[in-house]
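Whatever order the structure lists them in is the order used to number ligands and atoms, beginning at 1.
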Amino acid sequence: MLKFHNTLTGQVEKFVPLTDKVVRFYACGPTVHNFAHIGNFRTFTFVDLLRRYLKYRGYQVEHVMNLTDIEDKIIRKANEAGQDIRTFTETYIRYFLEDMETLDLEQPEKLVRATDHIPEMIGLVQQLLDNGLAYESDGSVYFKISRFPAYGCLSHMNFAGNLAGARVDVDEYEKADARDFVLWKGSRENEPSWEAGFGAGRPGWHLECSAMAMKYLGETFDIHCGGVDLIFPHHENEIAQSEGATGKPFVKYWLHAEHLMVDKDKMAKSLGNFHTLRDLVSQGFKPRAIRYLLLSVPYRKQLNFTIEGLQGIERRLERLTDFSKRLREAVPAAAPDAELLADIAKAQADFETALDDDLNTAEAMAAVSFLENTVNRAMAESRLTETAKAAAIAVLDKMDSVFAFFDKKSEELLDEEVQALLDERLAARKARNFARSDEIRALLAERGIILEDTRDGGSRWRRK
Ligand code: AMP
Ligand code: ZN
């Protein structure tokens, strides 16, 4: 039974989506004015694991991620660069998508830009004004938190005593500064602005996500996620805006990933203690190892980043890759081994139990190690039968569909390795072991090697 920790209730709850087989979820995306660092990617990799595991569990996913391409910092930096915000953010969106691919993060069904949804945002502000939950002041529009009694439900804070009428204009602020927050910022010189019935201006950051989430996922949907720093004020404000406008519950389950830390601090641009993915890759670290590291600690626990930790993970991943390769190339033994089959099934069951339990990735990886150790022993002792081999490969592939350990693209075979397999195939054919011969052909095809048998009984090969 799949369970998630829901920030809204503070409980680990059974996951029951609103409709039977489709899970609708929204993940806050990057603010595109810089390279994302691997702290940001801890959260995005967690979101990728969530979507992959939902699919593993048979759900269809409808996953929406936004790209925040308008906010205070973007406007300032685009002005400094002498570019309009569209041109300025385009570059960082491209880098972000490249980084996602490097980490093998699956593309959400919808990746949407804030500036493409201004009419929806204006509609939402108007609705809040009509409902008496928003007011205008000095050309801007603010959300009146005293008119929304549930304010604080996500961050579990009581804001009842807050100064009536005190306002905050910036997008990011601390709990202690909770005030009526800005929905629509009145137009200012050197800032992009859009016409609206309540005055020209631009959207506040929180408004963007409410409008885009509801447009694509409906007024109520299943899961909303992001890093823990977004609980307040961002997600608290999203609930206020959305529920204030529709009168319906906004989101059923809120999932928040803990931070990637460096010593005692959160990895952050502002602290200068960050690594970008590109920095690490250019130092020779494998993207898969970075991905594995980011998933190695369950998402609700902080993960401390160290270079030594990453090096340790690289070695671990090399062993696992080597195991996968040897398993696929193993010549099966004949004697049946019921215990081995039971252990392979146990590895899969443990893997699922771990991930069902609020995505416990550390336990799930222990199940991967159990599979590896058990099957390694069986191979060493010539106990791996045809059936056990197929079962082990199937389980390893299922595990890989969630973790994406293996970089299929870089697993290209060397010429000597291709030749050795061809020799083995020739010998197998001579011994009329056609099953093995076919297996080698399939193995080579999987790695992009095409075989053509020649008239003299040999074979030619080429890369796809
Ligand atoms: P931003 O581009 O600043 O809006 O952040 C994008 C995502 O990264 C958000 O979901 C943040 O919560 C998350 N994030 C920022 N810093 C960290 C960190 N050190 N560890 C994990 N997630 C982070
Ligand atoms: Zn958001």
Side-chain angles (χ1 to χ4, degrees), residues 7 25-50 63-74 77 89 92-93 95-97 99-100 103 105 108 110-114 117 121 124 154-155 171-172 181 203-217 221 223-242 250-251 254-277 290 293-305:
T7 310
F25 76 102
Y26 187 91
C28 291
T31 311
V32 281
H33 58 73
N34 221 323
F35 290 103
H37 55 69
I38 57 162
N40 302 128
F41 277 111
R42 183 185 192 203
T43 294
F44 298 128
T45 310
F46 147 70
V47 173
D48 183 62
L49 180 99
L50 170 67
H63 166 193
V64 177
M65 184 162 83
N66 66 298
L67 298 161
T68 298
D69 63 353
I70 177 154
E71 52 86 78
D72 303 348
K73 275 193 222 111
I74 292 179
K77 287 184 156 190
T89 53
Y92 293 102
I93 291 176
Y95 291 145
F96 181 72
L97 295 179
D99 285 353
M100 276 187 84
L103 284 176
L105 305 185
K110 290 214 166 54
L111 194 60
V112 289
R113 279 166 172 252
H117 298 80
M121 295 172 201
L124 191 54
L154 187 69
S155 50
D171 286 327
E172 290 180 74
F181 61 89
W205 170 39
H206 316 297
L207 185 73
E208 301 174 7
C209 285
S210 283
M212 289 185 279
M214 291 198 289
K215 167 163 184 176
Y216 294 106
L217 299 171
F221 56 93
I223 302 176
H224 196 315
C225 41
V228 283
D229 53 322
L230 299 190
I231 297 173
F232 189 89
H234 187 51
H235 290 163
E236 193 72 66
N237 291 354
E238 279 192 46
I239 293 176
Q241 295 162 155
S242 308
F250 179 42
V251 170
W254 287 88
L255 272 59
H256 291 101
E258 256 299 346
H259 284 143
L260 184 68
M261 308 292 286
V262 182
D263 298 326
K264 294 214 161 33
D265 293 317
K266 156 188 171 186
M267 183 177 283
K269 279 268 150 54
S270 56
L271 297 177
N273 61 355
F274 65 93
H275 297 272
T276 63
L277 182 62
I290 299 165
L293 175 77
L294 295 177
L295 292 175
S296 61
V297 170
Y299 77 96
R300 290 190 58 233
K301 290 201 175 116
Q302 292 183 342
L303 163 57
N304 196 45
F305 177 82

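The closest non-hydrogen atom to atom 8 (O) of ligand 1, taken over N40, V32, N34, comes from N40. One option in G39, S270, A27 has a heavy atom closer to atom 21 (C) of ligand 1 than any other, and that option is G39.
For F305 and H37, the gap between ring centers reaches or exceeds 6.0 Å. Ring-centre distance between F44 and F96: below the 6.0 Å cut-off.
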- Task: Verify side-chain contact (heavy atoms from CB on, under 4.5 Å) between M100 and M65, making sure each step is shown before the conclusion.
- Result: CA-CA 13 Å; M100 276 187 84; M65 184 162 83; 4.2 Å; yes

- Show the numbers, then the answer: is there a side-chain contact (heavy atoms from CB on, under 4.5 Å) between F41 and I290? CA-CA 10 Å; F41 277 111; I290 299 165; over 6 Å; no

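Listed by number with element, the atoms of ligand 1 under 4.0 angstrom from any heavy atom of P30 are 2 (O). Distances below 4.0 Å separate heavy atoms of H37 from the following atoms of ligand 1: 16 (N). The L230 neighbourhood of ligand 1 comprises atoms 9 (C), 10 (O), 12 (O), with distances under 4.0 Å to a heavy atom of that residue. Here is the list of ligand 1 atoms found below 4.0 Å of a heavy atom in K266: 16 (N), 19 (N).
Each of E172, E208, H206 was evaluated against H234; a single residue qualifies, H206, per the side chain to side chain donor-acceptor pair (under 3.5 Å) test.
Protein heavy atom closest to atom 13 (C) of ligand 1, with residue, atom name and distance, is T43 OG1, 3.7 Å. With hydrogens left out, the protein atom closest to atom 18 (C) of ligand 1 is H259 CD2, 3.5 Å, a heavy atom. Regarding atom 19 (N) of ligand 1, its nearest protein heavy-atom neighbour is M267 O, 2.8 Å. In terms of protein heavy-atom proximity, atom 2 (O) of ligand 1 is closest to T31 N, 3.0 Å. Taking atom 10 (O) of ligand 1 as the reference point, the nearest protein heavy-atom neighbour is G227 N, 3.2 Å.
When heavy-atom distances to ligand 1 are checked against a 4.0 Å cut-off, L260 comes that close through both its backbone and its side chain. Using a 4.0 Å cut-off between heavy atoms, D229 contacts ligand 1 through its side chain alone, with no backbone atom that close.
With a cut-off of 2.8 Å, the protein N/O/S atoms near the Zn ion (ligand 2) add up to 3.
The side-chain heavy atoms of P30 and T68, taken from C-beta on, include no pair separated by under 4.5 Å.
In this pair, F221 and F250 present their aromatic rings perpendicular. The plane angle is above 60°, beyond the 30 to 60° band. Classified by interplanar angle (parallel below 30°, tilted 30° to 60°, perpendicular above 60°), the ring pair F35/Y92 is perpendicular.
Residue contacts with ligand 1 include F44, since one of its heavy atoms falls under 4.0 Å from the ligand.
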